[in-house]
Amino acid sequence: MSQQNFSWLESEYSNMCEHLRIWSNINSGTYHLAGLERMADVIQTEFADLSHDIQRINFPDAFEMGDDGQLHEVALGPLIQIRQRPNAPHQVLLTGHMDTVYPPDHPFQSVKPIDDHTWNGPGVTDMKGGLLVMLYALQAFERSEHAKQLGWTVCVNADEEIGSLGSASHLESLVPQFKCGFVFEPSMTPDGAIAGKRKGSGRFSFVVHGQAAHSGRSFAKGRSAIIAAAECMRLIHQLNGQRDGVTLNVGRVRGGGPLNVIPDLCVFHVDVRHQQPVDEAWVFSALQDCKNTIAQMDGIKLEMHGDFGRGPKIINPPLQALLDMVVATAGDLGQTINVQASGGCCDGNNLAAKGLPVVDSMGVRGGFIHSTDEYIILPSLVERAQLMTVLLEKIAQGKVTL
């Protein structure tokens with residue numbers, strides 16, 4: 001990167017911080033459609049100076065299991081797609097998400113300074129800060145003499161935090177067009193580590209039906225859905241440790257009502273993490289065995305819903321080469337970055353599963369994401385934008401061999 005562009009990014013530090021404050025104060029929780037539309041407008045406006053090829057793509061409603069044991073439609077926010085030079089000799093995909101985990105009625109709604117270099121706020125790190133790294137890196141890159149050799153596509157979705165239920169298939173369909181990709185999830189650690197391999201994930205819901213009865217007059221006639229669910233959860237929990245790298249977490253349970261009524265409904269949800277694609281068949285079979293065991297209980301019916309939404313990201317030679325390039329480039333800029341495995345998932349999992357070499361933690365440094373203690377280390381806005389700009393220039397010059 002030219003010294004002029006390097007210095008330009010440094011001069012934009014205060015503007016980046018101000019953008020971050022404005023963007024993070026916009027509530028864009030996954031289910032808050034009005035906030036997502038507002039955030040989509042902002043992104044579309046900010047990227048308009050980089051390209052006129054901008055699309056707002058909408059997706060059909062998704063379905064999620066409710067606490068009442070019924071599938072409910074979930075409206076999804078839009079995906080913003082921006083393209084530049086689709087016929088250039090080298091092509092790269094850049095992705096991020098505008099949604100956060102904080103609904104509009106959550107008390108955590110605004111940015112607050114911790115010190116001169118650290119802010120606390122909803123989505124400052126995951127990933128409004130990452131979106132700004134992408135925006136400013138592209139602005140710097142477009143000033144480069146090598147820009148005409150690289151085409152890029154940006155996709156910013158609004159459903160990543162719930163597994164990209166609508167946008168995953170669209171992102172996956174783009175993969176054949178690109179040499180490599182970058183996702184602007186936050187760094188793995190406050191000192192800037194990037195993710196190497198990632199576990200995959202699945203989400204499953206179990207709906208247990210029993211028989212209601214008065215707990216005093218007709219206790220023996222009742223069949224408790226909660227007791228049956230508890231036994232099923234016990235069996236599922238015992239699956240942990242039976243297969244290397246596979247974990248199953250019962251993370252949400254809802255059931256019961258008045259204490260004098262035998263509960264006839266209980267719904268619980270299970271998060272699965274796995275290391276290898278072949279683990280999925282084992283998990284399906286094991287969960288089915290748990291379900292069938294409980295379904296044999298007198299007066300109990302049990303339904304299982306769900307699937308694997310993100311496959312594991314495995315390091316192959318092309319991805320290793322891309323990771324090595326990122327680490328080496330960071331070193332040239334005086335940034336120390338290492339690679340760490342992650343149990344977390346993101347859109348990078350889906351892109352990698354379709355064969356795209358992708359580094360998916362190119363966003364800012366910070367920590368405590370998905371909590372009210374979420375924070376960003378502000379200088380990393382410039383650091384990561386400078387790093388990404390140099391990487392884009394290398395790809396444009398054909399210096400990336402994957």
Side-chain angles (χ1 to χ4, degrees), residues 63-65 67 69 71 161-165 168 185 188 193 195-210 223-256 263 265-316 319-320 339-354 360-361 369-370:
F63 290 87
E64 289 189 332
M65 180 60 65
D67 293 341
L71 287 172
E161 294 291 7
I162 56 172
S164 304
L165 298 179
E185 293 287 348
M188 294 289 297
K197 65 180 180 179
R198 287 183 181 268
K199 284 189 173 184
S201 71
R203 297 182 179 186
F204 296 86
S205 299
F206 292 80
V207 181
V208 185
H209 297 276
R223 298 293 183 269
S224 172
I226 289 180
I227 296 301
E231 179 62 16
C232 190
M233 287 185 276
R234 185 186 68 82
L235 294 175
I236 291 172
H237 182 69
Q238 287 184 336
L239 297 174
N240 287 300
Q242 294 189 24
R243 190 174 180 90
D244 186 42
V246 174
T247 58
L248 302 95
N249 177 57
V250 179
R252 180 180 172 88
V253 184
R254 293 293 184 271
L265 176 68
C266 185
V267 180
F268 66 93
H269 308 270
V270 180
D271 175 87
V272 180
R273 302 292 164 128
H274 64 299
Q275 289 189 150
Q276 301 292 332
V278 295
D279 294 334
E280 295 181 10
W282 181 85
V283 171
F284 268 119
S285 178
L287 290 177
Q288 194 68 40
D289 287 344
C290 295
K291 170 184 174 294
N292 291 340
T293 297
I294 302 305
Q296 295 176 20
M297 296 174 65
D298 180 43
I300 297 296
K301 295 181 180 179
L302 194 151
E303 306 162 12
M304 184 175 82
H305 304 264
D307 204 344
F308 286 90
R310 301 199 189 278
K313 191 180 79 167
I314 299 169
I315 298 182
N316 55 21
L319 175 55
Q320 186 62 61
V339 179
Q340 296 186 5
S342 174
C345 302
C346 70
D347 286 324
N349 288 68
N350 300 66
L351 297 172
K354 291 297 181 179
D360 49 28
S361 44
I369 62 173
H370 294 194

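All residue numbers refer to positions in the sequence shown, counting from 1. Computation of the quantities below employed the complete heavy-atom set of this structure, encompassing side-chain atoms and omitting hydrogens, waters and symmetry-equivalent molecules.
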CD (Glu231) and CD1 (Ile236) are apart, to the nearest 0.5 Å, by 10.5 Å

With Met233 as partner, the option from Val270, Ile294, Val250 fulfilling side chain to side chain contact (heavy atoms under 4.5 Å, CB included) is Val250

Task: Distance-only polar pair, side chains of Ser205 and His305, donor-acceptor under 3.5 Å - done: no

Any donor-acceptor pair under 3.5 Å linking the side chain of Arg310 with the backbone of Asn349? no

- [ ] Kindly check if the number of other-residue, nucleotide or ligand heavy atoms within 6.0 Å of NZ (Lys301) is above 12?
- [x] no

Nearest heavy-atom contact between Gly344 and Arg198 is O-NH1, 3.2 Å

Does Ala281 offer a backbone N or O that forms a donor-acceptor pair with the side chain of Ser285 under 3.5 Å? no

Val208 and Ala228 have their tightest heavy-atom pair at CG1-CB, 3.8 Å

Just by distance, do the side chain of Ser361 and the backbone of Ala195 share a donor-acceptor pair under 3.5 Å? yes

For this session: Decide whether Thr247 and Asn240 meet the rule of one side-chain donor and one side-chain acceptor closer than 3.5 Å.
Result: no

Basic-acidic side-chain contact under 4.0 Å: Lys313, Asp360:
yes

Discussion item. Would Val339 and Lys197 count as a side chain to side chain contact (heavy atoms under 4.5 Å, CB included) here? Give the steps.
Written reply: CA-CA 9 Å; Val339 179; Lys197 65 180 180 179; over 6 Å; no

Would you confirm whether Lys199, through its side chain, and Gly245, through its main-chain N or O, come within 3.5 Å as a donor-acceptor pair?
yes

Exercise. Answer with yes or no after comparing the ring centroid distance for Phe308 and His274 against a 6.0 Å cut-off, counting only values under it.
Key: yes

To the nearest 0.5 Å, atom CZ of Arg203 lies from atom NE2 of His269 at 11.0 Å

Taking every heavy atom of Cys290 against every heavy atom of Leu239, the minimum-distance pair comes out as SG-CD1, 4.1 Å

When rounded to the nearest 0.5 Å, the distance separating SG of Cys232 from NE2 of His237 is 13.5 Å

Practice prompt. Walk me through it: do Phe284 and Phe204 pass the test ring-ring contact (aromatic ring centres under 6.0 Å, His included)?
Written response: CA-CA 10 Å; Phe284 268 119; Phe204 296 86; 5.5 Å; yes

Residues pairing under salt bridge (charged side-chain N to carboxylate O under 4.0 Å, His left out) where one sits in residues 268-279, two or more places apart or in two chains, turn out to be Arg243-Asp279, Asp271-Arg273

**Prompt:** Are any non-hydrogen side-chain atoms of Gln275 and Asp244 less than 4.5 angstrom apart?
**Reply:** yes

Output for pair (Cys346 SG, Leu351 CG), nearest 0.5 Å, gives 8.0 Å

- Task: Answer yes or no: does atom CG of Asp307 have more than 12 heavy-atom neighbours from other residues, nucleotides or ligands under 6.0 Å?
- Result: yes

On a heavy-atom basis, the closest approach of Ala229 and Cys266 is CB-SG, 3.6 Å

Exercise for review: Could you check if a side-chain atom of Phe206 sits within less than 4.5 angstrom of a side-chain atom of Leu287, using non-hydrogen atoms only?
Suggested key: yes

Would you check if the side chain of Gln242 reaches a backbone N or O of Gln238 as a donor-acceptor pair within less than 3.5 Å? yes

Taking the side chain as C-beta and beyond, is there a heavy-atom pair between Met65 and Val207 under 4.5 Å? yes

In terms of heavy-atom contacts, Gly309 and Asn350 come closest through O-ND2, 3.1 Å

In terms of heavy-atom contacts, Cys345 and Gly200 come closest through SG-C, 3.7 Å

